[in-house]
Structure formats: structure tokens, C-alpha cells
Chemist: 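Following this message is one structure expressed as C-alpha cells.
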Amino acid sequence: MISPLDIKNKAERSFKNYLSSLVEEINLFPLEISGNKRPHKDISVFHKEIEKLVIESKEKKGYGYSVDYKRVNTRNNATQDLPQKIYFDTETDYLKFIDKQKEVSQFKIDSATLLAKYPELRSFVISKPDRIVKNAGKWEEIIKVINYFVENPKPSLYIRELPIKIHTKFIERNKGILRELLDIILNDEDINNEEIFELRFGLKLAEPMIRFKVLDKSLASKYFSGLDDLALPLNLFKNLNIKLSRVIILENKVSLYNALTIPNKKDTIAIFGKGYSVSNLKNIGWLEDTQLIYWGDFDAHGFDILSQIREYYDNVQSILMDRKTFDIFYEGEKGKYLAKTELPNLLDEEQELYKFIRDNNLRLEQEKIPRDYFIEAFQKL
């Protein structure tokens, strides 16, 4: 038979629908709760179930669910009162039972404030009332941001330059809800067909910095005044005019340490890719004319990044991502799950190793590979 805990769980699952009803001005009460009301075959168990149901009901607690009973005759000619209907008679009963009074009071204030300013958001509030609740306490600031973009579409400023009286990081921290609302409110011509928030709404986007190490002193002297450890905005990095024989792309901070301490190599630089941010390296024309080397962790994501780089360039060779190296240095660490069973741009041996690592959830970090071992392999390139 349904228990008080079952009733509470079902009542909580109805909460989103209840919030929607407030905006639609629909009265849901009395709100019936469905569930198994059949008596247990063991009469002693049944009596305990009924006792629990009564103790937690409005009849005993003064609020919560009510139970209507139906008197029936049992097989032994005894009479029993069986639950026929379980329901919340009033909104107060319902909210107090699931402890949502304060949350609902705030929802009513927030939704009314938002819809008074932007009635076109009514369908959004009805379909996603949980988004209103989740962002409780933020709606004054959210409305300020919306007001600004309505009055100043595509402002061509950086986010922190926007003259809105809010915390400097507010927009950055609330891009999700802001995008949902701006997509509804702004005119089509004021929204770009872009996924990145800044580009979508006509803001300037701070360019990622590409850090690289020049491994040839003569190149450092000729092009960078002798500096060999540099970081450039992506746009300037794309426009570098240097003739290189090879570029090694390194995945993580341990790679950074190795790159900063390896010997010189003629016509070579090392780029610090920072995991999946290697996506910043696509569409760089001069990389197509060099030998690209990638070194990443021995885990599913490391091979996924290798495959990703090969989507951009067909001249990519991996280093120290082979079975021999893995077997020598693997110490039993577990990796992070990746759903992809195959990666489209791996060589046969890489694909085989990827499947082995992925299927067994294994990981060998670059820091486990000795520096001398890396240098030896790098010098053979």
C-alpha cells in the first residue's frame, strides 16, 4: 500500500506542474495523489500500513494529505475501512507538507515581476517554472541585463564594459538563463547565429591566449628579441610568419614542465594545448605546412583530443602514445568515462590502444613518464 513517503515523493513530483498552474491561474485543488491502495494480504501488515498513513495525515497533524475511506466486508465477514482517495484539500496543506511555502512565495513575486515587464515570457514561465525558482534572488539583476540588450542590441563591448549596475561577473555566471530569455525577447536581427554567448548577442569576445615555447634560439632571436617563452592572443598567433619544421602540441601542465626544460631543436616550437582547448588551434594556415606532433595523457580523453586535432590537420603524428610506453609506466590509475566506442581519426594501433584503455577505464598521466624518456623520444623526431 502507498506510504506517507510515497505520497511525499509524488507530491514533490507535482510541484513543477503546480507552479505552472499559478501562472495559468488554474486551481489544482483538491489535488489527488494516485497510488496503490490495496490492502496487504497479511492483516497485521495492513494494520501497520494504515496506522502510518493516518499518523502522517491531516487528520492527525492538522495539515497535509487527507484520506477518504470506504467500508468493505472482508472474506471472514469482518468490516474494514480501506483508503479510497488520497488528496491535498488546499494549497496550504500541500505546500506545508512538502515544505515549499517560502519557495512559492518567492516564485510568485519573481514571476509577477518578470511578467509585468516582459509579458511575452509567459509561455517560458509556464513551461519552465523551475528556472524561475532556480534563479531566485537574481531577477532584479536579470531584468536589468535584459533591459540593456533591448535598448542596446549588439553593443560591441566586452561583457565587463557593459554599463549595467550589476556585479562585474554577473553576466558571465548567468549566461544560461540570460540566453534563454534574450532568445525570446530580442528581435531576430539582433541575434547572431552563434553558440558562444558573446558572439550571439554582439559582444566582443576576449581572445584566448596561446602560450608557446620557442625551441630554437636562432628563431627566438630573429622573431622575438631573444624571448623563447611567450603567449599571444589567438589572432596574432594565427598571423605569425615563421618558417618551422615542426610544432609539438602538449596537453597538460606536466607537458609544460617538460617543454620548458628540453634541449633546443631546430625550427621547432612547443604549444601548450590545455586539453580540449586545442580547438583554438584550428584554421591556422601556417600549421598546415609543418610536422605536427601531439603528446597527451594515456586515457580516453587524451586520444579523443588527438582525434580532434586530426580533424583540423592531416599532418599530425603522436608521440609516446603507444602500447609499449603504456605497459612500461602504467601504475593502475583509473580514468574518466568516455562514451565514444571508436574515434574517427586514429591510426590502427592508436585505435586498438584507445579501445583497450577506454574499455578498462585506464589512465597513465604524462607525469608518470620520466623526463629523460620523453627527451630521448623527442630527439629522434
Side-chain angles (χ1 to χ4, degrees), residues 210 212-213 215 243-259 262-263 265-381:
I210 306 299
F212 60 99
K213 169 80 171 176
L215 302 178
K243 185 172 179 58
L244 298 171
S245 297
R246 68 188 61 78
V247 173
I248 180 167
I249 301 170
L250 305 165
E251 180 182 346
N252 62 27
K253 292 180 180 179
V254 177
S255 305
L256 168 61
Y257 170 77
N258 284 326
I262 60 177
K265 195 155 189 78
K266 184 174 175 58
D267 298 331
T268 303
I269 68 170
I271 299 174
F272 311 120
K274 295 182 182 178
Y276 283 98
S277 65
V278 293
S279 59
N280 294 328
L281 300 179
K282 63 184 177 182
N283 300 322
I284 298 178
W286 57 268
L287 287 180
E288 297 175 358
D289 301 323
T290 67
Q291 179 188 17
L292 294 179
I293 313 294
Y294 174 74
W295 183 33
D297 283 332
F298 276 103
D299 63 4
H301 294 274
F303 282 99
D304 190 28
I305 295 167
L306 171 60
S307 179
Q308 180 179 331
I309 296 172
R310 286 197 178 127
E311 289 181 13
Y312 313 145
Y313 305 102
D314 57 11
N315 54 334
V316 180
Q317 171 189 341
S318 64
I319 182 175
L320 296 183
M321 297 184 73
D322 57 273
R323 183 60 184 264
K324 177 184 176 182
T325 302
F326 180 82
D327 288 342
I328 292 173
F329 299 108
Y330 180 63
E331 297 180 350
E333 185 179 356
K334 292 298 183 180
K336 293 182 180 179
Y337 176 74
L338 186 65
K340 303 173 185 176
T341 55
E342 287 193 9
L343 299 174
N345 303 307
L346 298 186
L347 304 179
D348 290 344
E349 290 183 0
E350 295 166 344
Q351 192 77 255
E352 183 179 349
L353 181 54
Y354 165 71
K355 288 182 178 179
F356 172 72
I357 287 174
R358 176 198 174 275
D359 292 347
N360 294 283
N361 193 27
L362 307 178
R363 187 184 189 204
L364 169 61
E365 293 179 292
Q366 290 170 309
E367 64 189 55
K368 305 296 184 182
I369 298 176
R371 176 178 175 275
D372 291 344
Y373 192 90
F374 166 74
I375 291 175
E376 181 180 353
F378 185 64
Q379 288 176 330
K380 292 177 181 178
L381 294 174

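Worth knowing before you read on, the calculation uses all heavy atoms, side chains too, and leaves out hydrogens, waters and symmetry mates. Sequence positions, counted from 1, serve as the residue numbers for this chain.
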Chemist: Taking the six-membered ring for Trp and the single ring otherwise, decide whether the centroids of Phe374 and Trp295 are under 6.0 Å apart.
Modeler: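 Distance test on ring centres: under 6.0 Å, yes.
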Chemist: Hey, are Thr325 and Asp322 close enough side-chain-wise for a donor-acceptor pair under 3.5 Å?
Modeler: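 Indeed, the side chains of Asp322 and Thr325 share at least one donor-acceptor pair under 3.5 Å.
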Chemist: Quick one: do Glu331 and Leu364 satisfy side-chain contact (heavy atoms from CB on, under 4.5 Å)? Show the steps, please.
Modeler: CA-CA 7 Å; Glu331 297 180 350; Leu364 169 61; 5.6 Å; no
Chemist: How many angstroms lie between CD1 in Ile248 and CG in Leu381, if you round to the nearest 0.5 Å?
Modeler: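 So the CD1 of Ile248 and the CG of Leu381 are separated by 6.5 Å.
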Chemist: Counting only heavy atoms from other residues, nucleotides and ligands, does the tally under 6.0 Å from CD of Glu333 exceed 12?
Modeler: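 Yes, the 6.0 Å shell around CD holds more than 12 heavy atoms from other groups.
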Chemist: For Lys355, which residues count as a side-chain hydrogen bond (donor to acceptor under 3.5 Å, both in side chains) partner, sequence neighbours excluded?
Modeler: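 By the side-chain hydrogen bond (donor to acceptor under 3.5 Å, both in side chains) rule, Lys355 matches Glu342.
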Chemist: Please determine whether a side-chain nitrogen of the Lys or Arg among Asp299 and Lys336 lies less than 4.0 Å from a carboxylate oxygen of the Asp or Glu.
Modeler: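 No, this pair does not count.
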Chemist: Could you tell me if the side chain of Lys368 sits less than 4.5 Å from the side chain of Tyr330, heavy atoms only?
Modeler: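 The answer is no; the side chains never approach within 4.5 Å.
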Chemist: State which residue, out of Leu338, Ile357, Asn345, fulfils the side chain to side chain contact (heavy atoms under 4.5 Å, CB included) condition with Phe303.
Modeler: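 Of the listed options, the one satisfying the test is Ile357.
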Chemist: Whether the side chain of Asp297 engages the backbone of Glu365 through a donor-acceptor N/O pair (distance < 3.5 Å, no angle test) should be reported.
Modeler: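 Judged by distance alone, no pair lies under 3.5 Å.
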Chemist: Using a 3.5 Å distance criterion without hydrogens, assess whether the side chain of Asn315 forms a donor-acceptor pair with backbone atoms of Thr290.
Modeler: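 Yes; judged by distance alone, with no hydrogens or angles, the pair exists.
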Chemist: Can you tell me if Thr268 uses its side chain to pair, donor with acceptor, with the backbone of Lys266 under 3.5 Å?
Modeler: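 Side chain of Thr268 to backbone of Lys266, a donor-acceptor pair under 3.5 Å: yes, one is there.
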Chemist: Is the NZ atom of Lys334 crowded by more than 12 outside heavy atoms at less than 6.0 Å?
Modeler: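 It does: Lys334 NZ has more than 12 such atoms within range.
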Chemist: Give the C-alpha distance, both sets of side-chain angles, the deciding distance and a yes or no for side-chain contact (heavy atoms from CB on, under 4.5 Å) between Phe212 and Val247.
Modeler: CA-CA 10 Å; Phe212 60 99; Val247 173; over 6 Å; no
Chemist: Please verify the inter-ring angle class for Phe326 with Phe356; under 30° counts as parallel, over 60° as perpendicular, anything in between as tilted.
Modeler: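 Phe326 vs Phe356 ring planes: perpendicular.
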Chemist: Report yes or no: does Asn360 contribute a side-chain atom to a donor-acceptor pair with the main-chain N or O of Leu362 at less than 3.5 Å?
Modeler: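 Flag not set: sc Asn360 to bb Leu362 has no pair under 3.5 Å.
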Chemist: How many angstroms lie between CG in Leu292 and CG in Leu281, if you round to the nearest 0.5 Å?
Modeler: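 With rounding to 0.5 Å, CG (Leu292) is 9.0 Å from CG (Leu281).
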Chemist: Taking Tyr276 for its side chain and Gln308 for its backbone only, find out whether a donor-acceptor pair lies under 3.5 Å.
Modeler: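 Flag not set: sc Tyr276 to bb Gln308 has no pair under 3.5 Å.
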Chemist: Where is the tightest heavy-atom contact between Ile369 and Tyr373, given as atom of each residue plus distance?
Modeler: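 Heavy atoms only, the tightest pair is CG2-CD2, 3.8 Å.
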Chemist: Could you give the distance from CD1 (Ile293) to CG (Leu250), rounded to the nearest 0.5 Å?
Modeler: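 Rounded to the nearest 0.5 Å, the CD1-CG separation comes to 10.5 Å.
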Chemist: Can you tell which of Gln291, Glu311, Arg310 makes a side chain to side chain contact (heavy atoms under 4.5 Å, CB included) with Val316?
Modeler: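 Option passing the side chain to side chain contact (heavy atoms under 4.5 Å, CB included) with Val316: Arg310.
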Chemist: Is the shortest heavy-atom distance from the side chain of Gln317 to the side chain of Ile319 under 4.5 Å?
Modeler: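 Sidechains of Ile319 and Gln317: no contact.
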Chemist: Do Phe298 and Phe329 have side chains that get closer than 4.5 Å, going by heavy atoms?
Modeler: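 No - every pair of side-chain heavy atoms lies 4.5 Å or more apart.
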Chemist: Using the side-chain hydrogen bond (donor to acceptor under 3.5 Å, both in side chains) criterion, which residues pair with Asp372? Sequence neighbours excluded.
Modeler: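 Asp372 satisfies side-chain hydrogen bond (donor to acceptor under 3.5 Å, both in side chains) with no other residue.
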Chemist: What distance do Thr341 atom OG1 and Tyr354 atom OH have between them, rounded to the nearest 0.5 Å?
Modeler: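 That separation rounds to 7.0 Å.
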Chemist: Out of curiosity, His301 NE2 to Arg358 CZ, how far, rounded to the nearest 0.5 Å?
Modeler: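 The NE2 atom of His301 sits 10.0 Å away from the CZ atom of Arg358.
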Chemist: Return the CE to CG distance between Met321 and Leu306, rounded to the nearest 0.5 Å.
Modeler: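 The CE atom of Met321 sits 5.5 Å away from the CG atom of Leu306.
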Chemist: More than 12 foreign heavy atoms under 6.0 Å from CD of Glu349: is that the case here?
Modeler: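 Incorrect, the count does not exceed 12.
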